[in-house]
J.: 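A single structure is presented below for examination.
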Amino acid sequence: MYVVIEPSADRRGLHLVDADERGHPTGERDVSWDAALEVLRDRDATGVRWVFAHTAELYPRLIDSGVRLGRSHDLALCRSILRRSTETPDGGLSSLPADSWDAAWTSSGDDGSLTGFADLAEPGERPDAVAELQRQCEAVAASRAPSRLRRLLAAESCGAMIACEIRHDGLPWRRDVHERILREALGPRPVFGGRPVVLEELANGIRVALGAPSLNPDSHTELLRALRAASIPVDSTSKWELQRHDHPAVEPLLRYKSLSRLMTANGWAWLDEWVRDGRFRPEYVVAGVVTGRWATDGGGALQLPTQIRPAVIADDGWTFVIADAAQLEPRIVAAMASDTAMAAAGHGKDLYQGLVDAGTVDTRDHAKVAMLGALYGATTGESARLMPRLVRAYPRATGLVEAAARAGERGEQVTTWLGRSSPLPPDSWSAAVRAGAQVSATPAQERAARGAARDWGRFTRNFVAQGTAAEWALCWMAELRHRLFSLVDGDQHPHLVYFLHDELVIHAPEQSADFVADAVRDAAEAAGRGLFGDFPIDFPLDVAVTRCYADA
DNA sequence: TAATCTGGCCAC
DNA sequence: AAACGTGGCCAGATTA
């Protein structure tokens, strides 16, 4: 059932411990690295769940050896979920004193391998993985929602393997195309650093227009001073504020900002650091966001601007299958709330258009603005004005996010569909809210308390939607991975190369594109059923088969 | 001099 | 358009 997999004591191979469904050990053995490949493949074929202390410690090395595993359990990630979840109250892990499983893994060792937990573990001392597996199995079994939590832990752990696999395989990236984009926008790469010619010319234009010959346009302080000296009344140097002023400096300044951003975020330095052998290898951080979304640690994989996406081109004979979930968060909320009316509006196609067709709002744009406002907690502007219509037409879906907001304002935790809970607000928050509730509170304190409460309410409001959408996306990815593995054929099998919250990119041999497009739709359907069972909610995808990411 | 903060803008 | 959630990342400014 479970097989705990760790480096062996002599570090020359692997130590494997078999365990039953409650995490109790039933046998153990050491295998050398040479024999590991075969042993792991054989055991994996029997459907065991591999237990890693921390997937990124061992799995990349297994991938290098040609092994891909089917199912896994990441103790560090799962501890974090179980520790905080409201579904595992007293007796679970929530009351356990902090130990090394709560700490982040640290990188040490000259080969860059991860060797232990930071802070809490003695150097060289591994925490007991089997004991922790038992604790987690018990916590899940004793929880209020064992099957949902099991689904969440499995999906989270699978995500950890996928993050390693994506980094190993890499997103195809054409350096020549990227360099052409840079050259056409900025001019040739400066040999000794400094500004490229186009930026320098724009900087000069700005200096002339503002009458500030020594201005460094990269300095907010200098720029703000120069703008005001030129009688342009601005409070900031942001583009939305600059756009509103009619002055000869504005146009070159806006172009300078845009090109400067391209240069600093995804310019030549980025290319040198992040693209090797025709691949960009994202450093994903699984569950790096409180809501369960992935974050990144270097490389900016989650902010690739559309400007440079033309450089993402499939290998010869290969293509991309690019899929993104349409209006994911509204659908998630509709399903969580069993809002059949909103689910029906999203049946089969564009949910926003569905709201128009249902007569709730008059345009698709209004539908989108109103919906996003509900999810984010908008209080002003068009979004807030449209809200009452949404509330009237869909009281259940809107009621769910409203309830989450009220809970947050009271300082309570909220929980996603599968059981990931929000953190409690910090002590400083509670102190501010308490201070505002005192009879002796000053108006400023009252205002601060109200503001803090509402801020936290917007966070918890969004948490349930964003967090459950992240769970759906993890399940979607895991389902897809399972389907793609059935197609393994030497090195020629389709593989995931990019993940962006509600979007997947698969690099696939051209002849397999149709299969992959079907698989990614099947996987979305399966993810929806896995979370919401028979509730009639659709998760339609926009799917593109194209050799260039920019064409999707 | 190094660490931390701030403003701005990119993604969803 | 902004203000309405989650983030990363950069350059410059400020602080230790």
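Here is how names work: the chains are called A, B, and so on, in the same order as the sequence lines, proteins then strands, and each is numbered from 1. Computed from a predicted model, the values in this text were never measured in an experiment.
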J.: Is the distance from OP1 or OP2 of B/dG8 to the nearest side-chain N or O of A/K257 less than 4.0 Å?
T.: no
J.: Between B/dC12 atom P and A/R331 atom CZ, what is the distance in whole Å?
T.: 18 Å
J.: Where the side chain of A/A295 is defined as all heavy atoms beyond and including C-beta, which of C/dT6, B/dC12, C/dG7 is the nearest nucleotide?
T.: C/dG7
J.: Atom CG of A/L372 and atom P of C/dA3: how far apart are they, to the nearest Å?
T.: 16 Å
J.: Between A/W270 and A/H178, is the gap from one ring center to the other below 6.0 Å?
T.: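 When the ring centroids of A/W270 and A/H178 are compared, they turn out to be within the sub-6.0 Å range.
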J.: If only side-chain N and O atoms of A/T237 are considered, is one of them under 4.0 Å from the OP1 or OP2 phosphate oxygen of B/dG8?
T.: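 Yes, such a contact exists.
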J.: Is A/R148 close enough and on-axis enough to A/W417, meaning under 6.0 Å and within 45°, for cation-pi?
T.: yes
J.: Select base, sugar-phosphate, or nothing to describe what A/N266 touches, counting heavy atoms under 4.0 Å on all strands.
T.: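 It contacts nothing in the nucleic acid.
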J.: Can you find a donor-acceptor pair, distance only, under 3.5 Å between A/R261 side chain and B/dC9 base?
T.: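 Indeed, a donor on one side and an acceptor on the other fall under 3.5 Å apart.
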J.: Quickly work out the A/L224 CG to B/dG8 C1' distance and round it to whole Å.
T.: 13 Å
J.: Measure distances between side-chain N and O atoms of A/R293 and base N and O atoms of B/dC12, and say whether any donor-acceptor pair falls under 3.5 Å.
T.: yes
J.: Is the shortest side-chain N/O distance from A/S383 to OP1 or OP2 of C/dC4 below 4.0 Å?
T.: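 Looking at the OP1 and OP2 atoms of C/dC4, neither is under 4.0 Å from any side-chain N or O of A/S383.
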J.: Taking atom P of C/dA1 as reference, at what distance in whole Å does atom CD of A/Q243 sit?
T.: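 Taking atom P of C/dA1 as the reference, CD of A/Q243 is at 7 Å.
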J.: Nearest nucleotide by nearest heavy atom, which residue falls closer to the 5' end of DNA chain C, A/R458 or A/R385?
T.: A/R385
